[in-house]
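Note that the structure is a prediction, hence the values are computed from the model and not measured.
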Amino acid sequence: QVQLVESGGGLVQAGGSLRLSCAASGRTFSSYVTAWFRQAPGKEREFVAASNWSARSTYYAGSQKGRFTISKDNAENTVYLQMNSLKPEDTAVYYCAAADLLTATTAQIMGAGSYDYWGQGTQVTVSS
């Protein structure tokens, strides 16, 4: 079992930055694919970013590419999401997820159904 705890959410003005953290416990994180998803009120959960187990490959949704950066510290069992140039439409609850996927297609990595472990979420609100 892997337990995930997100932190770092909050209220920020448009154009500002936030860094989300996801601390894992229970098992070693190093072999897991880790990802961030988000869910705005009335909308489905959507993919934001992911990192493969080695962190050599990263994946981003189109609207976040260039603004968000996912990184992973296996020694600290923590994954981060640096969010810059935030927009009001980035407002959502952000969830950390992990899956023991040794090999996975891009579609699998970007699909919420591929992930076995989820955090409780952290609220990000971007004001205009």
Side-chain angles (χ1 to χ4, degrees):
Q1 288 288 338
V2 174
Q3 292 80 42
L4 304 174
V5 178
E6 302 98 332
S7 61
L11 174 64
V12 64
Q13 288 189 330
S17 298
L18 281 174
R19 188 174 84 152
L20 306 183
S21 299
C22 174
S25 61
R27 292 182 68 176
T28 180
F29 212 29
S30 60
S31 63
Y32 282 65
V33 172
T34 53
W36 290 93
F37 289 78
R38 69 185 185 186
Q39 188 166 19
K43 295 189 177 181
E44 292 187 355
R45 190 168 297 190
E46 64 174 359
F47 172 79
V48 174
S51 170
N52 77 334
W53 67 272
S54 68
R56 290 196 182 101
S57 295
T58 55
Y59 308 81
Y60 296 94
S63 61
Q64 284 87 50
K65 201 171 292 185
R67 297 191 299 125
F68 292 6
T69 303
I70 187 170
S71 59
K72 196 178 179 190
D73 186 334
N74 285 329
E76 295 294 326
N77 249 19
T78 302
V79 63
Y80 302 98
L81 183 68
Q82 177 67 43
M83 305 187 294
N84 299 328
S85 302
L86 283 162
K87 305 174 182 180
E89 50 264 43
D90 293 317
T91 295
V93 177
Y94 283 71
Y95 296 91
C96 176
D100 189 5
L101 297 172
L102 188 59
T103 59
T105 65
T106 299
Q108 287 175 311
I109 288 173
M110 297 176 72
S114 300
Y115 292 86
D116 305 305
Y117 306 104
W118 292 85
Q120 81 290 349
T122 185
Q123 177 71 46
V124 171
T125 303
V126 184
S127 62
S128 57

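- Under a hydrophobic clustering in which Ile, Leu, Val, Met, Phe, Trp and Tyr are joined whenever their side-chain heavy atoms come within less than 4.5 Å, directly or via other members, Val124 and Tyr80 fall into different clusters.
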Let me see the working for Ser51 and Val33 under side-chain contact (heavy atoms from CB on, under 4.5 Å), right down to the final yes or no.
-> CA-CA 6 Å; Ser51 170; Val33 172; over 6 Å; no
Evaluation steps, side-chain contact (heavy atoms from CB on, under 4.5 Å), between Thr34 and Cys22 = CA-CA 10 Å; Thr34 53; Cys22 174; over 6 Å; no
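- Screening residues 57-67 for side chain to side chain donor-acceptor pair (under 3.5 Å), with sequence neighbours left out, gives Arg67-Asp90.
- Partners of Glu89 under the salt bridge (Lys or Arg N to Asp or Glu O under 4.0 Å) rule, at least two apart in sequence or in another chain, do not exist in this structure.
- Tyr94 pairs by the side chain to side chain donor-acceptor pair (under 3.5 Å) definition with Arg38, not counting sequence neighbours.
- A donor-acceptor pair is defined here as one N or O able to donate and one able to accept, closer than 3.5 Å; such a pair exists between the side chain of Gln108 and the backbone of Thr105.
- Within the structure, the ring-ring contact (aromatic ring centres under 6.0 Å, His included) test picks out the following pairs touching residues 97-128 (sequence neighbours left out): Phe37-Tyr115, Phe37-Trp118.
- The main-chain N or O of Asn77 is never found under 3.5 Å from a side-chain atom of Asn74 such that the two would form a donor-acceptor pair.
- Within the structure, the side chain to side chain donor-acceptor pair (under 3.5 Å) test picks out the following pairs touching residues 9-22 (sequence neighbours left out): Ser17-Asn84.
- Heavy atoms only, all atoms of each residue included: Glu6 and Gly121 are closest at OE1-N, 2.9 Å.
- Judged as a side-chain contact (heavy atoms from CB on, under 4.5 Å), and not counting sequence neighbours, the contacts of Thr125 are Leu11, Thr91, Gln123.
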